[in-house]
Amino acid sequence: MSTQHALNRALAGTAVALLLTGGLAAAPAFASGDDVPPSAAAIAAIDKGGAGQGAPAEFSTFAVGPQITRTEVINRAANWVGRGLQYSWTNTYQGYRTDCSGYVSMAWKLGTPGLDTTSFVPRGYASWISKDALKPGDALLNDAAGASGHIVLFAGWTDASKSAYRGYEFTGSGVHYRTIPYPYYSGYGTFRPVRNNSIVDDVTPPAPVDPGPDNVGIYRPSTSEFHLRKDDGSLLKIKWGTTGDIPVSGNWDGGHLENVGIYRPSTSTFHLRKDDGGLIELKYGTTGDIPISGDWDGGHAGNVGIYRPSTNEFHLRMDDGKTRVIKYGTTGDIPITGNWDGGHASNIGIYRPSTNEFHLRMDDGKTRVIKYGTTGDKPVSANWDGGHAGNIGIYRPSTNEFHLRMDDGKTRVIKWGTTGDIPVAGNWDARG
């Protein structure tokens with residue numbers, strides 16, 4: 001889906017209802033403490049700037065890299081976000097050093113294992129440019145040596161003031177996609193705009209993708225199969241998971257389509273399926289936690305999280321591996337997620353079976369309450385009408401029907417599934 005629709009996409013949290021009401025197995029204790037945010041001091045020590053670099057590759061002087069488009073650079077950079085890569089002067093991933101300059105060398109498709117910050121310009125691979133010339137795929141470079149140097153890939157201005165930009169960088173705490181003050185955070189040296197000498201503008205800017213409305217689907221535990229309904233009513237069937245797994249859905253790889261996945265309570269692990277059939281595994285949560293998904297930080301790809309009924313807390317995992325904790329709801333509530341206010345990131349919410357009410361938390365912390373459904377219904381959420389914000393709905397097991405509430409308050413009913421199926425939702429067939 002397009003970036004904007006990806007950010008606005010309401011990601012399904014429907015499997016959680018079955019966990020609460022169907023008695024699925026709970027996960028074992030989570031001893032590593034990944035759901036506890038690190039202290040501010042610990043983050044500050046490794047979260048910004050350079051952290052040392054490995055030696056540059058022995059490329060020929062005044063050479064150039066292969067021609068590459070700006071879109072390809074951004075896509076390559078985004079591909080490393082959320083993979084849990086550890087910063088290292090010596091280790092490599094996909095042939096490139098896992099440090100700041102190795103990361104940008106990878107995004108620019110230079111030779112492995114990559115240059116260092118002192119080498120991009122002197123060796124002829126890049127040239128200094130002006131601030132006004134910056135385009136997505138360029139970079140901000142502090143060309144000092146070792147831990148004093150750093151480089152950040154530029155992805156675009158946040159607004160017309162050009163006082164901040166969205167950037168990709170590899171720091172001591174991992175790969176980030178975030179808003180950065182121009183030219184960089186204070187106290188980390190002198191940064192100047194720089195351009196890969198081999199980068200080219202896209203011949204034709206990519207046409208915006210109209211993803212259309214989101215779709216419904218079910219997960220069939222008896223066969224470990226997802227049965228996903230497309231816009232035209234046809235079926236997409238994907239076998240994924242095993243007995244006891246809980247279904248989740250989200251845009252794990254930042255592509256046009258949303259993906260399926262499962263949460264395995266026996267190991268507290270998410271097994272997320274990418275567009276190409278590849279696997280992302282993330283261990284997260286503890287006994288009794290309920291899996292959820294959403295785009296918590298407004299990045300290109302979706303994120304996972306858990307809802308902890310024992311404390312009524314949402315633990316949301318960001319692209320960089322950090323956790324944000326939000327306390328919301330009360331005993332008996334069922335967690336849901338979606339982009340309720342059309343902002344850059346997804347929001348949390350709960351469905352209260354005792355009153356058949358959705359309590360939806362907005363970006364500013366305010367709550368919107370919508371009464372919808374009846375006894376026995378299971379909550380679902382996604383963008384049913386392709387509008388700016390996400391919508392709510394219910395799945396009625398007694399009739400195997402989805403009742404989907406649109407922006408204007410009207411309901412669309414879709415019959416899908418059979419006894420024992422678990423509802424899911426997402427955009428399985430994005431247009432464009």
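FYI, the numbering just counts along the sequence from 1. These values consider heavy atoms only, across backbone and side chains, with no hydrogens, waters or symmetry-generated copies.
- Atom CG of residue L115 and atom CZ of residue F120 lie 5.0 Å apart, to the nearest 0.5 angstrom.
- Closest approach of L153 to A77, counting heavy atoms only: CD2-CB, 3.5 Å.
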**Study point:** Step-by-step salt bridge (Lys or Arg N to Asp or Glu O under 4.0 Å) determination, K322 to D320
**Key:** CA-CA 6 Å; K322 298 192 182 86; D320 59 9; 3.1 Å; yes

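- You'll find the side chain of V424 reaches within 4.5 Å of the side chain of L228, heavy atoms only.
- S148 and N142 get closest at one heavy-atom pair: O-ND2, 2.8 Å.
- Between H150 and Y184, the distance separating the two ring centers is shorter than 6.0 angstrom.
- Closest approach of G420 to P221, counting heavy atoms only: O-CD, 3.5 Å.
- Summarising the geometry of N391 relative to W340, their closest heavy-atom pair is O-CZ3, 4.0 Å, with the distance given to 0.1 Å.
- Residues D138 and P193 have side chains not in contact (no heavy-atom distance under 4.5 Å, counting atoms from C-beta outward).
- A salt bridge between E169 and R178 is present, with a side-chain N of the basic residue lying under 4.0 Å from a carboxylate O of the acidic one.
- Within a 6.0 Å radius of CD in E281, other residues, nucleotides and ligands contribute more than 12 heavy atoms.
- Centroid-to-centroid, the aromatic rings of W157 and Y182 come within less than 6.0 Å.
- A donor-acceptor contact shorter than 3.5 Å links the side chain of W428 to the backbone of V216.
- The minimum heavy-atom distance linking Y103 with A78 is given by the pair OH-N, 4.5 Å.
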Practice item. Could you give me the CA-CA distance, side-chain angles and deciding distance for T323 and Y284, then say whether side chain to side chain contact (heavy atoms under 4.5 Å, CB included) is met? Key: CA-CA 10 Å; T323 289; Y284 201 69; 2.6 Å; yes

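- In this structure, CZ on F314 lies 7.5 Å from CH2 on W296, to the nearest 0.5 angstrom.
- The main-chain N or O of R396 is never found under 3.5 Å from a side-chain atom of E401 such that the two would form a donor-acceptor pair.
- Checking side-chain atoms of N383 against main-chain N and O of G387 turns up a donor-acceptor pair under 3.5 Å.
- Rounded to the nearest 0.5 angstrom, T179 OG1 and D297 CG are separated by 10.5 Å.
- With contacts defined as side-chain heavy-atom distances shorter than 4.5 Å, the pair V260/Y219 does not qualify.
- Note that OG1 of T98 is 5.0 Å distant from CG of N91, once rounded to the nearest 0.5 Å.
- Distance alone, capped at 3.5 Å, is enough to place a donor-acceptor pair between the Y96 side chain and the L110 backbone.
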Check your understanding: Where do L236 and F226 land on the side chain to side chain contact (heavy atoms under 4.5 Å, CB included) test, with the steps shown first?
Key -> CA-CA 8 Å; L236 171 64; F226 285 85; over 6 Å; no

Practice item. Step by step, work out the side-chain hydrogen bond (donor to acceptor under 3.5 Å, both in side chains) result for T71 and T69. Key: CA-CA 5 Å; T71 296; T69 67; 5.0 Å; no

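- Panel note: side chain W108, backbone R195; no donor-acceptor pair is recorded below 3.5 Å.
- Within the 4.5 Å cutoff, the side chain of I180 has heavy atoms near those of the V152 side chain.
- The main-chain N or O of T399 is found under 3.5 Å from a side-chain atom of K415 such that the two form a donor-acceptor pair.
- Results of the side-chain hydrogen bond (donor to acceptor under 3.5 Å, both in side chains) test with N347 over D295, T337, D363 single out D363 as the only residue that passes.
- Judged purely by atom type and a 3.5 angstrom limit, D429 uses its side chain to pair as donor or acceptor with the backbone of D231.
- One N or O on the side chain of T269 and one on the backbone of T267 form a donor-acceptor pair closer than 3.5 Å.
- Atom CZ of R412 sits in a sparse spot, with 12 or fewer heavy atoms from other residues, nucleotides or ligands closer than 6.0 Å.
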Exercise for review: Quick one: do D99 and F170 satisfy side chain to side chain contact (heavy atoms under 4.5 Å, CB included)? Show the steps, please.
Suggested key: CA-CA 6 Å; D99 59 21; F170 204 147; 6.0 Å; no

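- Across P113 and T92, no two heavy atoms sit closer than the pair CB-CG2, 4.5 Å.
- Going from atom OH of Y395 over to atom NE2 of H403 covers 10.5 Å, rounded to the nearest 0.5 Å.
- Counting only heavy atoms from C-beta outward, the side chains of I199 and K135 never approach each other to under 4.5 Å.
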Practice item. Please report the C-alpha distance between I336 and L360 in whole Å, then the side-chain angles of each, then the deciding distance to 0.1 Å, and finally whether the side chain to side chain contact (heavy atoms under 4.5 Å, CB included) criterion is met. Key: CA-CA 9 Å; I336 57 168; L360 311 178; 3.6 Å; yes

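- For the atom pair R361 CZ and D341 CG, the distance stands at 10.5 Å (nearest 0.5 Å).
- With hydrogens and angles ignored, the 3.5 Å screen pairs a side-chain donor or acceptor of S293 with a backbone N or O of S249.
- Counting only heavy atoms from C-beta outward, the side chains of N259 and L272 never approach each other to under 4.5 Å.
- Counting heavy atoms from C-beta outward, D116 and W89 have side chains that stay 4.5 Å or more apart.
- Under 4.0 Å is where a charged nitrogen must lie from a carboxylate oxygen, and between D202 and R70 no such pair does.
- No side-chain heavy atom of D245 sits under 4.5 Å from any side-chain heavy atom of W240.
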